[in-house]
Amino acid sequence: MNKITREKGQFKVVGTRVKRPDGIDKVTGRAQYGADLVVPGMLTGAILRSPHAHATINSIDTSEALALPGVKAVVTRADFAALDDDEMIDIADNCLARDKVLYHGHAVAGVAAKDAQTARKALKLIKVDYTPLPHVTDVDAAMKPGAPVVQSGRQEENVQPEHSENVTGYCEFGHGDVEAGFAKADHIIERDFKTAAAHQGYIEPHACLASMTNDGKADLWCCTQGQFNVRSLCSAILDMEASQLRVTASEIGGGFGGKTTVFIEPVALALSRKSGRPVKIVMTRDEVFRATGPTVSSSSTVKIGMTKDGRITAAHAKFRYQGGAFPCATYSFGAQAAFAAYDLEAVKSEGWNALTNRPKEAAYRAPGAPMAIYAVESVVDELTQHFGLDPLEVRLKNAARENTKAAYGPTFDQIGLVATLEAAQKHPHYSAPLGENQGRGVSCGFWFNFGGNTCVTMNLNDDGTVGITEGNPDIGGSRASISMMAAEELGIPYSDVRTIIADTSSLGHNDVTDGSRVTFAVGLATIEAARDAIRKMCGRVAKIWGIDEDAVIWEDGYAKPSGPNAGDFEPMSIKEIAAISSNTGGPIAGHYEVNADGAGVSFGVHLADVEVDPETGYTQVIRYTVFQDAGKAVHPDYVEGQMQGGAVQGIGWALNEEYIYGEDGVLQNAGFLDYRVPVASDLPEIDTVILEIPNPGHPYGVRGVGETSIVPPLAALSNAVSRAAGVRLHELPMSPPKILKAITDRG
Amino acid sequence: MVTVTLWGSLRDAAEGETEVTVEARNFKELLDALSARYPGLTPQIERGVSLALDGRIYREAWFTEIGPESEVVLMPYMKGG
């Protein structure tokens, strides 16, 4: 169903580059992040973590720690509620280990003390008796029969018996006769790939402050992508009524999916319950790397057949992901997304998840898609090189369009892939000359996007300005974009609207800020809440004028008679209506709640130029352009920021970032010195081109934009490096030693 | 009657088919009908599924109406970052 009510040329606020409402607070240090809250009587919490990659916990003796002066409480997994849902048990077990520690750094116990020094001293006094077990950290090794079993009994019903017990899930997607398709190909390439686990790399470590009173009421302040989800998880783990736990989201210093669950929050609440005092826990960077979620690492095999004129005849991919010590579904997103950019007659995409002795995977922008599409786009690129074809022409020839049956099942409606490919083809970047040791890479990217549960309230203030209350932390500029959509619908200036993020006791449930859903779903709910308020304002004015409600219309911030037959009345502004609201029936508010559907899928195309130093293997990105379909770009600055940010994270993943484990199963690079994310001096200006193909599922045509941009860089960089260095790597990251070895091996 | 496309690895739970036809007017009726007719699908349905209806992805929306001509595709429950 087409829900579009306002199109290009009809916008006055949407599409402009207004000032961001959080700018001053953030640049002056006034913004309150997770670790910034301080309250009287507060204790400091600390976590004891496993020194083993895999071990049985025989006993935990906390008596000496509790006897240390200044220690107010110690908690273990026994202080959590008994749970019966597997997913909830996994989350609780990850916050505090139950019978086994499953990875190095796994939390075992929590301490609350008068200060950090005492808390750290107490941790050393907790006696844990372990029996070390064999461990496994590599996905291929974990899948083999005979591998150390991380958790027993977690296999889903359709996993093939030839795999080890670590393989928890299997999926298969596709259509058509793949073998018949391969028979039509002029050339077939099959390659194996590996990608490393990469951390979301948010600047702000996890932090929270929990305060529970003796009557069981609790307040929790934390940095999170979803305060309502934190409430759901913590109230279950602590066996509390949700109504008695109020969660307030702080400002957030990055999340990218990594703050969509809980780690320290239930521990802080349990410590506060035991001690009767507020407890603050702030993770160190080392803890963030060791014990919060990186994304999955992968091993994959991709086989694609192509005719000599560039038509793909068949494709078959196998994706093997590990998401740490607990089952996860990320493999299925990768298997579904892998071939989304292509219109294929015959395609098969399979995925497996395996348990390893690594931290529990957390979502990371377009979870599962970047590594799958990296492998597919690498093979497509190698085929274009084999036939001497233009990479963009080949992608256009095979591109998914409206009415294409996607490899994951549904038929696409209005999508923007062809528009992004054509924009890339026409852009000066694509035809710019390259120098010695330089190469250009191309890749498509895709993400599903979705909507979800959303609740918004709009309050009309007595001076005619407007307050919007929404329930999703502002990660990528949502306070600005939500205010803009409210102003647009009401016909008032952006400066008259202020959007705030509600705590969990102030608004109905809102899903986590994920899936690129907020600008789409909260925007949709805001527009509907504004329409609700407009109906009420028109009703009040109708009463004043003594005419029917449907004889009053709303235009540009004014209630007006709908036509000459309605009567001759002077239009009333929103300010005039607000000023007399107590006379006409009381406060005026609009509200809307929805499980939003209609989020349109998103495609992007990236062009990357690199220069590879043949003597060191070092890769310098020298030019980079992102083309992405944003639907309607509500605030273009933020859209461009999302496109640039995703590209930079993808560049880091392609060139440098990786979790490195030793033989002992210990992470060897748990810090930003050894886990190197790209910084500004590593990068060129990331150029952006926003395509605006309206999403029919949103009143203004908005699509989510937050995730797609991290998908193409992996293959774009790999394809560029292969053309610059004359060798193709099949493993990420393409760090200088790996590239140098490939160059040296070639001779 | 509604024709539902299942993903390939659910084939074994649906008598070898990836396209099945059931009586349903909305998402909830569809899931109930699938579970009743193919009990092997119940574990996956209980773990969570999404529904693509005419190309649009829905999560949890029980009462989303399904027309007789609608394209209905069952998908794993979607999450994002």
Side-chain angles (χ1 to χ4, degrees), chain A residues 1 86-87 156-158 169-175 200 225 255-258 260 295 329-330 332-333 335-336 348-351 362-367 406 408-413 415 447-453 511-512 514-517 595 597-601 696-697 704 706-707 710, chain B residues 2-21 26-28 30-31 34-35 38-67 69-81:
Chain A
M1 191 177 92
D86 279 349
E87 195 175 346
E156 292 175 3
E157 59 283 352
N158 58 3
Y170 168 72
C171 63
E172 179 202 314
F173 302 89
H175 55 255
Q200 296 82 350
Q225 289 179 237
F256 315 110
T260 54
T295 187
T330 306
S332 68
F333 309 147
Q336 289 175 89
K348 184 174 178 181
S349 181
E350 298 175 90
Y364 185 15
R365 274 183 142 152
Y408 62 92
T411 303
F412 287 130
D413 58 7
I415 57 172
W447 185 243
F448 304 93
N449 294 337
F450 47 78
N453 294 292
D511 283 346
V512 170
D514 72 345
S516 302
R517 72 174 215 91
N595 185 352
D597 56 67
V601 299
E707 292 174 281
I710 200 172
Chain B
V2 176
T3 300
V4 190
T5 303
L6 310 175
W7 68 90
S9 39
L10 298 183
R11 192 186 297 118
D12 290 347
E15 298 169 1
E17 301 295 327
T18 53
E19 280 204 350
V20 298
T21 302
N26 60 39
F27 194 7
K28 183 170 190 310
L30 176 80
L31 296 181
L34 286 173
S35 275
Y38 305 107
L41 291 176
T42 304
Q44 179 61 51
I45 289 171
E46 287 179 349
R47 281 193 293 272
V49 291
S50 301
L51 175 77
L53 181 64
D54 295 325
R56 303 258 146 198
I57 298 170
Y58 297 77
R59 296 188 307 178
E60 298 153 339
W62 276 2
F63 305 120
T64 302
E65 290 183 14
I66 303 171
E69 302 302 317
S70 294
E71 179 199 65
V72 182
V73 179
L74 208 65
M75 297 170 61
Y77 187 80
M78 301 302 297
K79 291 182 178 176

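Just so it is clear: chains get the letters A, B, ... in the order the sequence lines come, proteins before strands, and each one is counted from 1. None of the values given here were measured: they were computed from a predicted structure.
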Using heavy-atom distances under 4.5 Å, tell me whether [X] contacts chain B through its side chain, its backbone, both, or neither.
{"X": "A:A329", "answer": "neither"}
{"X": "A:S332", "answer": "side chain"}
{"X": "A:Q336", "answer": "side chain"}

Heavy-atom pairs under 4.5 Å with chain A: which of B:P43, B:A52, B:G48 has the most? B:P43
Best-contacting candidate, B:E60, B:E71, B:R11, against chain A by heavy atom pairs under 4.5 angstrom: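 Highest number of pairs under 4.5 Å: B:E71.
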Atom [atom1] of [X] and atom [atom2] of [Y]: how far apart are they, to the nearest 0.5 Å?
{"X": "B:L10", "Y": "A:E172", "atom1": "CG", "atom2": "CD", "answer": "9.5 Å"}
{"X": "B:D54", "Y": "A:T411", "atom1": "CG", "atom2": "OG1", "answer": "8.5 Å"}
{"X": "A:E157", "Y": "B:L41", "atom1": "CD", "atom2": "CG", "answer": "9.0 Å"}

Hey, is A:D597 close enough to B:R59 for a salt bridge, meaning N to O under 4.0 Å?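 No, no charged N to carboxylate O under 4.0 Å.
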Taking B:R47 first and then A:E87, would you say they form a salt bridge - that is, a charged N and a carboxylate O separated by under 4.0 Å?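 Salt bridge: no.
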Determine whether [X] and [Y] make a side-chain contact, defined as any pair of heavy atoms from C-beta on separated by less than 4.5 Å.
{"X": "B:K79", "Y": "A:F333", "result": "yes"}
{"X": "B:R56", "Y": "A:D413", "result": "yes"}
{"X": "B:P76", "Y": "A:F173", "result": "yes"}

Check whether any side-chain N or O of A:E707 sits under 3.5 Å from a backbone N or O of B:G81 as a donor-acceptor pair, and report yes or no. yes
If we define contacts as heavy-atom pairs under 4.5 Å, which of [options] has the most with chain B?
{"options": "A:I710, A:N158, A:D511, A:T330", "value": "A:N158"}
{"options": "A:A406, A:G452, A:S516, A:P367", "value": "A:P367"}
{"options": "A:W447, A:F448, A:F412", "value": "A:F448"}

